[in-house]
A.B. asks: 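Structure incoming, see below.
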Amino acid sequence: MFQTFKDWFWLERFWLPTTIKWSDLEDHDGLVFVKPSHLYMTIPCAFGLLIIRHFFEKFIATPLAKAFGIKEEVRKIIPNPVLENFFKHSTRQPSQTDIYGLAKKCNLTERQVERWFRSRRNQERPCRMKKFQEACWRFAFYLVITIAGIAFLYDKPWVYDLWEVWNGYPRQPLLPSQYWYYILEMGFYWSLLFSLSSDVKRKDFLAHVIHHLAAISLMSFSWCANYIRSGTLVMIVHDVADIWLESAKMFSYAGWKQTCNILFFIFSAIFLISRLIVFPFWILYCTLIIPLHYLDPFFSYIFLNLQLMVLQVLHLYWGYFILKMLKRCIFMKDIQDVRSDDEEECEEEDEEEEEEEKAEATKGRERDCLKNGLGADRKLIPNGQHGR
């Protein structure tokens with residue numbers, strides 16, 4: 001049964017133009033052609049990148065974060081079995097009625113119960129150090145892969161003449177640079193999927209999952225159907241903007257707001273140009289219109305362009321958020337990542353907690369001063385005037 005499905009799945013009419021057979025793409029005369037079995041290498045590559053990421057975050061990203069003044073946050077709370085049990089088995093966001101009942105049960109004030117739950121929620125949220133480490137790793141990879149992509153493509157004729165993308169298709173041999181470019185890029189997206197459960201979760205988590213799956217599906221399909229030339233163009237168009245986004249995030253976490261704003265403006269310009277202009281009007285034109293001058297439409301041609309259109313919809317989705325952030329930055333002088341509501345709530349709660357602690361400490365000092373006959377400014381109060 002498996003063999004029957006395999007034979008059906010690899011039918012030539014699904015993957016190749018009507019006049020081409022799989023036998024036409026067998027290696028000969030020193031020329032190597034793509035094979036689906038090459039893609040097995042992407043999984044070991046993904047685990048290799050996860051190992052590299054672990055050591056990179058430990059020995060490069062962490063010292064760099066500390067150099068920027070980012071510290072490892074240790075969020076400690078007073079253990080309370082009753083509140084801990086309620087937090088784990090009922091809800092992380094108790095209602096006012098729940099708070100009142102828990103306060104009575106634990107012999108605490110309602111304010112103390114609210115503060116305990118706020119601290120307990122913050123304890124499970126990712127700290128600024130972790131967010132910096134992730135952004136630093138992605139920045140490093142995108143920087144390396146973009147430089148590698150430029151080095152691989154700068155002397156290729158199809159970069160400057162899109163008609164060359166389809167010249168001789170599908171009898172186009174595989175170059176070593178194309179092989180490694182694909183394997184590293186796909187391995188990276190696999191590694192992002194494998195680490196989604198441990199990475200910082202954002203508001204657009206589902207969009208990221210769809211994006212990673214679409215990217216892997218698109219690259220795998222383009223590999224098997226030998227759309228390597230157009231595939232490398234799609235990859236370089238995507239990678240060139242991501243460097244600036246991750247660098248902006250790094251400086252944002254480090255508190256360098258002005259630098260972050262400048263980098264975000266650069267990212268926005270490159271993103272809007274590369275993904276809302278270059279991608280639809282050059283890349284989609286190359287994959288949708290130009291091949292019709294060489295070939296009759298066939299299944300893999302249609303499926304390839306459907307996937308690219310899904311990708312373009314995601315570009316429009318993220319473009320909307322980027323324009324929203326640009327508007328906020330221009331009119332409110334503040335860039336706030338609208339995708340990261342959970343992170344913002346965490347930071348707001350941390351700030352509230354710090355303000356409460358400072359207020360309580362101030363009140364405590366005032367009480368001590370009053371007990372010792374001193375005013376809030378630590379000057380002696382005349383006898384009999386403490387209550388005025």
Side-chain angles (χ1 to χ4, degrees), residues 9-10 14-16 25 32-50 53 138 141-142 144-153 156 158-159 162 165-166 169-170 172-196 207-243 274-275 278-280 282-284 286-288 291 298-315 318:
F9 184 78
W10 291 110
F14 289 155
W15 298 90
L16 302 172
L25 301 181
V32 178
F33 293 86
V34 296
K35 299 177 182 62
S37 58
H38 289 157
L39 298 180
Y40 294 141
M41 187 62 187
T42 60
I43 303 300
C45 180
F47 285 109
L49 286 172
L50 287 173
R53 173 181 174 175
R138 289 192 295 266
F141 180 84
Y142 286 130
V144 170
I145 202 68
T146 300
I147 294 172
I150 293 170
F152 293 158
L153 293 173
K156 303 300 185 291
W158 59 84
V159 176
L162 294 178
V165 170
W166 298 97
Y169 177 83
Q172 297 170 340
L174 176 66
L175 303 176
S177 59
Q178 293 172 323
Y179 172 83
W180 286 111
Y181 194 18
Y182 256 81
I183 295 299
L184 287 172
E185 194 85 35
M186 289 185 66
F188 178 68
Y189 280 109
W190 276 119
S191 72
L192 291 181
L193 270 180
F194 295 155
S195 63
L196 273 175
H208 269 90
V209 174
I210 295 172
H211 176 268
H212 298 338
L213 289 173
I216 292 170
S217 171
L218 179 58
M219 286 188 282
S220 300
F221 181 80
S222 67
W223 181 272
C224 294
N226 204 18
Y227 295 123
I228 304 299
R229 293 183 180 181
S230 57
T232 53
L233 295 179
V234 171
M235 289 191 288
I236 194 68
V237 165
H238 281 73
D239 291 338
V240 72
D242 291 330
I243 304 169
S274 64
R275 302 198 192 184
V278 173
F279 187 84
W282 271 268
I283 304 299
L284 278 178
C286 172
T287 60
L288 193 61
F298 55 103
F299 179 80
S300 70
Y301 157 82
I302 298 170
F303 190 64
L304 171 73
N305 284 288
L306 283 176
Q307 291 184 91
L308 291 175
M309 288 176 186
V310 169
L311 210 54
Q312 183 58 29
V313 170
L314 287 171
H315 294 165
W318 275 306

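The first residue of the sequence shown is numbered 1, and numbering continues consecutively from there.
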A.B. asks: Quick one: do Met309 and Leu288 satisfy side chain to side chain contact (heavy atoms under 4.5 Å, CB included)? Show the steps, please.
C.D. replies: CA-CA 10 Å; Met309 288 176 186; Leu288 193 61; 4.0 Å; yes
A.B. asks: So how far is it from Ile216 CD1 to Leu39 CG, rounded to the nearest 0.5 Å?
C.D. replies: 11.0 Å
A.B. asks: Answer yes or no: is there a donor N or O on one side and an acceptor on the other, between the side chain of Trp15 and the main chain of Phe9, under 3.5 Å?
C.D. replies: yes
A.B. asks: So, does Arg275 use its side chain to make a donor-acceptor pair with the main chain of Gln312 at under 3.5 Å?
C.D. replies: no
A.B. asks: Would you indicate whether the side-chain heavy atoms of Asp242 and Arg138 approach each other to under 4.5 Å?
C.D. replies: no
A.B. asks: To the closest 0.5 Å, what do you measure between CZ (Arg229) and OH (Tyr169)?
C.D. replies: 11.5 Å
A.B. asks: Do the two ring centres, one from Phe14 and one from Phe303, sit under 6.0 Å apart?
C.D. replies: no
A.B. asks: Does a side-chain heavy-atom distance below 4.5 Å link Phe221 with Leu218?
C.D. replies: no
A.B. asks: Search all heavy atoms of Cys224 against all heavy atoms of Trp10 and return the closest pair with its distance.
C.D. replies: SG-CH2, 3.9 Å
A.B. asks: Give the C-alpha distance, both sets of side-chain angles, the deciding distance and a yes or no for side chain to side chain contact (heavy atoms under 4.5 Å, CB included) between Leu213 and Tyr189.
C.D. replies: CA-CA 8 Å; Leu213 289 173; Tyr189 280 109; over 6 Å; no
A.B. asks: Are any side-chain N or O atoms of Trp223 and backbone N or O atoms of Lys35, one a donor and one an acceptor, separated by less than 3.5 Å?
C.D. replies: yes
A.B. asks: Is any side-chain heavy atom of Ile302 closer than 4.5 Å to one of Leu306?
C.D. replies: yes
A.B. asks: Can you confirm whether the side chains of Thr287 and Tyr227 place a donor and an acceptor under 3.5 Å from each other?
C.D. replies: no
A.B. asks: Measuring only between side-chain heavy atoms, which start at C-beta, is Val240 closer than 4.5 Å to Tyr142?
C.D. replies: no
A.B. asks: Answer yes or no: is there a donor N or O on one side and an acceptor on the other, between the side chain of Tyr301 and the main chain of Leu16, under 3.5 Å?
C.D. replies: no
A.B. asks: If you look at every heavy atom in Leu233 and Val165, which pair is closest and at what distance?
C.D. replies: CD1-CG2, 4.0 Å
A.B. asks: What is the distance from atom CZ of Phe152 to atom CD1 of Ile145, rounded to the nearest 0.5 Å?
C.D. replies: 7.0 Å
A.B. asks: Between the side chain of Ser191 and the main-chain N/O of Phe188, is any donor-acceptor distance below 3.5 Å?
C.D. replies: yes
A.B. asks: Are Ser222 and Tyr182 close enough that a side-chain donor and a side-chain acceptor fall under 3.5 Å?
C.D. replies: yes
A.B. asks: Would you give the length of the straight line joining atom CG of Leu311 to atom CG of Asn305, rounded to the nearest 0.5 angstrom?
C.D. replies: 12.0 Å
A.B. asks: If the plane angle is over 60° it's perpendicular, under 30° parallel, otherwise tilted; pick one for His315 and Phe279.
C.D. replies: perpendicular
A.B. asks: Of the non-hydrogen atoms in Thr232 and Trp158, which two are nearest, and what is the gap between them?
C.D. replies: OG1-NE1, 3.8 Å
A.B. asks: Let me see the working for Leu50 and Phe194 under side chain to side chain contact (heavy atoms under 4.5 Å, CB included), right down to the final yes or no.
C.D. replies: CA-CA 9 Å; Leu50 287 173; Phe194 295 155; 4.0 Å; yes
A.B. asks: Distance check, rounded to the nearest 0.5 Å: Leu175 atom CG versus Leu153 atom CG?
C.D. replies: 10.0 Å
A.B. asks: Is there a donor-acceptor pair closer than 3.5 Å between any side-chain N or O of Asn226 and the backbone N or O of Gln172?
C.D. replies: yes
A.B. asks: For Cys45 versus Gly187, what's the shortest heavy-atom pair and its separation?
C.D. replies: SG-CA, 4.1 Å
A.B. asks: To the closest 0.5 Å, what do you measure between NE2 (His212) and CG (Leu196)?
C.D. replies: 5.0 Å
A.B. asks: Search all heavy atoms of Ser274 against all heavy atoms of Val237 and return the closest pair with its distance.
C.D. replies: O-CG1, 3.3 Å
A.B. asks: Measure up the His38 and Tyr179 rings against each other and bin them: parallel (under 30°), tilted (30 to 60°), perpendicular (over 60°).
C.D. replies: perpendicular
A.B. asks: Do you know which two heavy atoms are closest between Thr146 and Ile236, and how far apart they sit?
C.D. replies: O-CD1, 3.8 Å
